[in-house]
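Side chains included, hydrogens not; waters and symmetry mates left out as well; all remaining heavy atoms used. Positions are given from 1, in the same order as the sequence printed here.
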Amino acid sequence: MAHAAAAVTGARRAGRRPNAGVSNWLQEQKLERFRREIAVKEKKRSDFARENPEKFLVNLGLGDCLAASRRRLSITVTGHVEERGNTVYSIRCGLHVPDNEKKMLTWVCKHRLCEMREQFNDVVMKALDTEYAAFDETPFALRGGLPGTTARLVAWFETLAKVINAGGFSHQIAAQLMNSLQGPIISEGGEVVAAAAPVNYEFRPTPVLRFDPIPRQPTSPSAAGNLSSAAQNSQLGREQPADEGIIGEVPPESDESGDGH
C-alpha cells in the first residue's frame, strides 16, 4: 500500500500521470474500506433492533415511550433512479413530535422492489395474518415493475406508517421494520448516531428533506459522475415526484426491479 502510494506521488511530482493500474488498485482499496465501514455500522443497528427492540423504539420516540417524547413516523416513496443497472426507490422517512412540526428528524433510504417485498411486505403479511386487511385498500406493488408500481408503493408505505404509529405491531416486528428503513440509533440524551454511512440524518427546521443522493453501494468513478449530476438536480428540487416521470432513463427490464409507474 505504502509503495503504491509513493509511486503515485512520485509520478505526480515528475509531471507524469500515475500508472492506471496503481490508481485503480488504490481506488479498489478505498471502496473495500467503505464497504467494511457500512457493514459494521449496519450490524450495530441490526443488533440493537434485534436484541433490545423496545429500547430501540423508545429512543426513536415510538413504542411505549412517554407522551412528551413520542414521535410520529412518516414514510414517503419519492421516486426512483438507476444505480448499477438496477431500479432503486428512494424512501423518505421522518420522525416528528405532533405539537412541533418545525423540528423533524429526516432521512432517505434506498431499496429495490424485490428488497421491499421481502423486507417489508412479507414481514407485515406474516405478522398481521388476518389483520393484513388494513392494507386491502392500498395493496403492495405487483411483480414485474408494471405501470402503477410507484403509486402502489406510495400508498402502501403510507398505510405502513399509520399502522406503526397506531402500535399495530409487536416491538420485535416494529423494530425490524425500522431497521429495514435504516432508522437512526438515538441515544438517551437525544444524540443521533448514524447507523449506516450513506444515510444523512438531519434535524431540519422544516419538514422539507434535502435529498441524499449517496448510493447504497460504492460505485465506479464514471457512475459517481452521474450521481453528482443527480445531486445537483435534487438540491434544486428537480427530483421527480412519484408517478410524474422517470428519474433518469429506465430501460425495459424483465424482472421486478423495473418500474412502469
Find the distance between OG (S170) and CG (L57) and round it off to the nearest 0.5 Å.
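One finds 9.0 Å between OG of S170 and CG of L57.
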Rounded at 0.5 Å granularity, tell me how far CD1 in I75 sits from SG in C93.
5.5 Å
Work out which heavy atom in [X] is nearest to a heavy atom in [Y]; give both atom names and the distance.
X	Y	result
N59	R71	O-NH1, 3.7 Å
R143	L146	O-CG, 3.8 Å
Q176	V123	NE2-CG2, 3.5 Å
S90	K110	OG-CE, 4.1 Å
E82	G85	OE1-C, 3.8 Å
W156	P139	CD1-C, 3.9 Å

Before giving the answer on side-chain contact (heavy atoms from CB on, under 4.5 Å), spell out for R112 and E115 the whole-Å C-alpha distance, their side-chain angles and the decisive distance to 0.1 Å.
CA-CA 5 Å; R112 295 175 60 192; E115 294 171 341; 3.9 Å; yes
Give a yes or no on whether [X] and [Y] share a hydrophobic cluster (residues Ile, Leu, Val, Met, Phe, Trp, Tyr; joining criterion: side-chain heavy atoms under 4.5 Å apart).
X	Y	value
F120	L60	yes
V58	V97	no
M178	L128	yes

Would you please name every residue forming a side chain to side chain contact (heavy atoms under 4.5 Å, CB included) with [X], sequence neighbours left out?
X	answer
A49	F56, A175, N179
K30	Q27, R33
A141	L113, T149, R152, L153

Is the backbone N or O of [Y] less than 3.5 Å from a side-chain atom of [X], with the two atoms forming a donor-acceptor pair by type?
X	Y	result
H111	S180	yes
W107	L181	yes
E42	A39	no

Ring centre gap for Y89 and H80 strictly below 6.0 Å:
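Yes, the ring centres sit under 6.0 Å apart.
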Can M116 and I91 be said to form a side-chain contact (heavy atoms from CB on, under 4.5 Å), step by step?
CA-CA 10 Å; M116 289 188 284; I91 307 175; 3.8 Å; yes
Is the shortest heavy-atom distance from the side chain of [X] to the side chain of [Y] under 4.5 Å?
X	Y	answer
V40	E37	no
V81	T87	no
L95	R72	no

For F140 and V124: C-alpha separation, side-chain torsions, deciding distance, then whether side-chain contact (heavy atoms from CB on, under 4.5 Å) applies.
CA-CA 11 Å; F140 195 76; V124 170; over 6 Å; no
List the atom pairs, donor and acceptor, that lie under 3.5 Å between side-chain atoms in residues 157-167 and the rest of the protein, sequence neighbours left out.
from	atom 1	to	atom 2	distance (Å)
T159	OG1	T138	OG1	2.8
T159	OG1	A155	O	3.2
N165	OD1	L73	N	2.8
N165	ND2	L73	O	2.9
N165	ND2	A161	O	3.0

Residues which pass salt bridge (charged side-chain N to carboxylate O under 4.0 Å, His left out) with D122, listed by chain and number, not counting sequence neighbours:
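Applying salt bridge (charged side-chain N to carboxylate O under 4.0 Å, His left out) to D122 gives none.
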Test of understanding: with salt bridge (charged side-chain N to carboxylate O under 4.0 Å, His left out), list the residues that count as partners of E32, not counting sequence neighbours.
R35, R36
